[in-house]
Amino acid sequence: MHRAGIIAGHLNALGGSVTAGGGPLVSVPVAAASSGSRKRPVPVFLETSDDVVIVSALRTPICKSKRGGFKDTLPDDLLAVVFNAVIKDSGLKPSAIQDICVGNVNQPGSGAMISRMAQFMCGIPESVTLHSVNRFCSSGLQACASIAASIKAGYIDVGIGAGVESMSLNELGRLQPGFVLNPRALANELAAKVLIPMGITSENVAEKYGVTREKQDRMAELSHSKAAKAQDEGLFNAEIVPVTTFLKDKDGNEKTVVISKDDGVRPGTSMQVLSNLKPAFKENGSTTAGNSSQTSDGAAAVILARRSFAKKNNLPIIGIFRSFAVAGVPPEVMGIGPAYAIPVALERIGMTVDDIDIFEINEAFASQAVYCVEKLGIPMEKVNPKGGAIALGHPLGCTGSRQVATLLHEMKRRGKRGFGVVSMCIGTGMGAAAVIEYPGH
């Protein structure tokens, strides 16, 4: 076993994979431990010095865009809050961070400028580098994967993967100044489908795969009920960083407030209430405001490190980033992306759906979330156990890193070693998924 560990360590150091078809972000189970409720034993991975571990994952509250707690808060202020929080939580010195990647969708330049300003505003020095990434709704997860890839490649030992979005300031679908649509795109079938509104892609999924209005409303009801229960019991408190900010009234007067909880959760949301809502995107359609994700504001950050660096610096290890995959799907049914990305991420490390304890699947629309869960045969009790984006909200660039925080804190509450998946669909026709191990208390 010791010799196998050394060999695996050398392979990982070279950025290679121990499995055919894998990539530098994959690990291979070398043994299995039994667990009574599973159809097969729990995979056990070799612990190597080059493992990418997670040492902190926190988020701001998620607030309704244009009318919630962050309607007057700038995205760089939200980002500075979570940067500060994860640095303090991990015990890492700001100057020790070697790179930062921030996911953002709607901010000009994918938020590269405001992210660098946020870095400086919270005391991270200019010697620490930063870049931004835009893979639409997976941007926050892609930021984490990009930092993980840099660690695996040997470029850095520690970095921050983060995400931020202010949909109060930058609306979904609003074209940036200077954007010019290439007329040739309309003559290309796939390119033209990229322009299909997200709500219509939801209707396409529902119609093509037979996802009924009742199933969609049931998922929305469940999302709110689970989130409301978790909020009432204070279960989000460990992952949320309160934000001191201000709110303007209709006369422009400012009032200082502390935002400490998600404000999109609606306790008491019922099938009766949801069934009375009219279709939002298509006459006689099934997608409504009630069974779609909310447009939101928020930020989240995750510190990832090489295991050897974390151990040397006495950093807490709360997770291991085991695998990541992105899969392409037809743009007109982009919501099915997780059903294709999740199997790829699992297969790369020799795992199956049955091996996973929790699936954090973004509820962009109930239609696509229902389809993905049913397609993969995932038991509903494993899906978004504390609610999803229909209840909590979906600040586009933030969501992926928010899901990592929510997943790891839920697994910490459960205490035992296990595995979770973070996944989401991606506008233009993709899905992304990451497999994360919780090492246990």
task: Please round to the nearest 0.5 Å and tell me the distance separating atom CD1 of I426 and atom CG of L396.
output: 12.0 Å
- prompt: Say you draw a straight line from CD of E360 to CG of L408; how long is it, rounded to the nearest 0.5 Å?
  reply: 10.0 Å
- request: State, with a plain yes or no, whether a side-chain heavy atom of V422 is found less than 4.5 Å away from one of V404.
  value: yes
message: If I compare all heavy atoms of V205 with all of V211, which pair ends up nearest, and what's the gap?
response: O-CG2, 4.4 Å
query: K208: what forms a side-chain hydrogen bond (donor to acceptor under 3.5 Å, both in side chains) with it, not counting sequence neighbours?
result: none
- prompt: Would a 4.5 Å heavy-atom cut-off, applied to side chains only, mark V353 and L346 as touching?
  reply: yes
task: Would you mind reporting whether L92 and L315 have side-chain heavy atoms less than 4.5 Å apart?
output: yes
- prompt: Between S223 (side chain) and G388 (backbone), is there a donor-acceptor pair under 3.5 Å?
  reply: yes
query: Got a donor-acceptor contact below 3.5 angstrom from the D263 side chain to the G69 backbone?
result: yes
- prompt: Any side-chain donor paired with an acceptor under 3.5 Å for Q119 and R116?
  reply: yes
- prompt: Quick check: does any side chain N or O of N84 sit under 3.5 Å from a backbone N or O of V81, one acting as donor and the other as acceptor?
  reply: no
- prompt: What's the spacing between K412 NZ and L407 CG if we round to 0.5 Å?
  reply: 13.5 Å
task: Taking the side chain as every heavy atom from C-beta outward, state whether V302 and V86 have any atom pair closer than 4.5 Å.
output: no
- request: Give a yes or no on whether a salt bridge exists between K386 and E233, defined as a side-chain N under 4.0 angstrom from a carboxylate O.
  value: no
query: Will you find, in the side chains of Q107 and N170, an N or O donor that is under 3.5 Å from an N or O acceptor?
result: yes
task: Indicate yes or no for a side-chain donor-acceptor contact from S139 to the backbone of G397 under 3.5 Å, with no hydrogens or angles considered.
output: no
- prompt: Quick check: does any side chain N or O of N188 sit under 3.5 Å from a backbone N or O of L190, one acting as donor and the other as acceptor?
  reply: yes
Within 45° cone of F45 ring axis and under 6.0 Å: R322 NZ or CZ: yes
query: Closest approach of M219 and A369, non-hydrogen atoms and distance?
result: SD-CB, 3.4 Å
N134 to S110 - nearest heavy-atom pair and separation: CB-OG, 3.2 Å
- line: For S56, the side-chain hydrogen bond (donor to acceptor under 3.5 Å, both in side chains) test, sequence neighbours excluded, returns D89
message: Does any part of the side chain of K261, heavy atoms only, come nearer than 4.5 Å to the side chain of P61, both counted from C-beta?
response: no
task: Evaluate side-chain contact (heavy atoms from CB on, under 4.5 Å) for V164 paired with V102, printing each intermediate quantity in order.
output: CA-CA 7 Å; V164 66; V102 178; 4.0 Å; yes
- prompt: Say you draw a straight line from SG of C144 to CD of Q403; how long is it, rounded to the nearest 0.5 Å?
  reply: 10.5 Å
query: Would you say the side-chain atoms of S65 and S296 include a donor-acceptor pair closer than 3.5 Å?
result: no
query: Quick one: salt bridge (Lys or Arg N to Asp or Glu O under 4.0 Å) partners of R135, sequence neighbours excluded?
result: none
task: Kindly compute the distance separating CD1 (I378) from OG (S423), expressed to the nearest 0.5 Å.
output: 8.5 Å
query: Can you tell me if D357 uses its side chain to pair, donor with acceptor, with the backbone of G420 under 3.5 Å?
result: no
task: Sequence neighbours left out, what passes salt bridge (Lys or Arg N to Asp or Glu O under 4.0 Å) with E203? Give chain and number order.
output: none
message: So does A57 get a backbone contact from the side chain of H409, meaning a donor-acceptor N/O pair under 3.5 Å?
response: yes
- prompt: If you draw the axis of the six-membered ring of F236, does the NZ or CZ of R59 fall within 45° of it and under 6.0 Å from the ring centre?
  reply: yes
message: We want to know whether D99 and T129 form a side-chain donor-acceptor pair, criterion being a heavy-atom distance below 3.5 angstrom.
response: yes
- line: For G159 and I97, the nearest pair of non-hydrogen atoms, with its separation, is CA-CG2, 4.3 Å
- request: Using atom types as modelled and distance alone, determine if a side-chain donor or acceptor of S323 lies under 3.5 Å from a backbone N or O of A345.
  value: yes
Summary of salt bridge (charged side-chain N to carboxylate O under 4.0 Å, His left out) pairs that have at least one residue in residues 67-87, sequence neighbours excluded: none
- prompt: Does atom CE of M113 have more than 12 heavy-atom neighbours from other groups under 6.0 Å away?
  reply: no
- prompt: Which pairs, with at least one residue in residues 103-112 and sequence neighbours excluded, count as a salt bridge (charged side-chain N to carboxylate O under 4.0 Å, His left out)?
  reply: none
- line: Of all heavy-atom pairs linking C101 and A143, the shortest is O-CB, 3.4 Å
query: With side chains defined as the heavy atoms from C-beta onward, is the minimum distance between K416 and Y438 less than 4.5 Å?
result: no
query: Of all residues at least two apart in sequence or in a different chain, which pass the salt bridge (Lys or Arg N to Asp or Glu O under 4.0 Å) check with E189?
result: K193
message: Among residues at least two apart in sequence or on other chains, which ones pass side-chain hydrogen bond (donor to acceptor under 3.5 Å, both in side chains) with N384?
response: E363
- request: Using a strict cut-off of less than 4.0 Å between a Lys/Arg side-chain nitrogen and an Asp/Glu carboxylate oxygen, indicate whether R306 and D157 qualify as a salt bridge.
  value: yes
statement: Sorted by chain and residue number, the side-chain hydrogen bond (donor to acceptor under 3.5 Å, both in side chains) partners of S367 (sequence neighbours excluded) come out as S202
- prompt: To the nearest 0.5 Å, what is the distance between CD1 (I151) and CZ (F321)?
  reply: 10.0 Å
- request: Can you run down the ring pair (Phe, Tyr, Trp, His ring centres under 6.0 Å) pairs that involve residues 371-406, sequence neighbours left out, and say none if there aren't any?
  value: Y209-Y371
field: Donor-acceptor side-chain pairing of S225 and E221 below 3.5 angstrom
entry: no
message: With a 3.5 Å distance limit and no angle check, can you tell me whether N204 reaches the backbone of E332 through a side-chain donor-acceptor pair?
response: yes
query: Hey, are D51 and T48 close enough side-chain-wise for a donor-acceptor pair under 3.5 Å?
result: yes
- request: Looking only at non-hydrogen atoms, find the nearest pair between P385 and E410 and report the distance.
  value: CG-CG, 4.2 Å
field: With R266 via salt bridge (Lys or Arg N to Asp or Glu O under 4.0 Å) - residues at least two apart
entry: none
field: Enclosure of K66 NZ (heavy-atom neighbours >12, cutoff 6.0 Å)
entry: yes
task: Could you tell me whether the side chain of S401 and the main chain of A301 form a donor-acceptor pair under 3.5 Å?
output: no
message: Take a 6.0 Å sphere around CD of Q272 and say whether it holds more than 12 heavy atoms from other residues, nucleotides or ligands.
response: no
task: Side-chain contact test, heavy atoms from C-beta onward, threshold under 4.5 Å: evaluate it for C398 versus I62 and give yes or no.
output: yes
task: Please name all residues satisfying ring pair (Phe, Tyr, Trp, His ring centres under 6.0 Å) with F281, sequence neighbours left out, ordered by chain then number.
output: none
- prompt: Just wondering, do I124 and F83 contact through their side chains at under 4.5 Å, heavy atoms?
  reply: yes
field: Chi angles and distances behind the salt bridge (charged side-chain N to carboxylate O under 4.0 Å, His left out) call for R402, E239
entry: CA-CA 9 Å; R402 190 280 299 170; E239 70 192 64; 5.3 Å; no
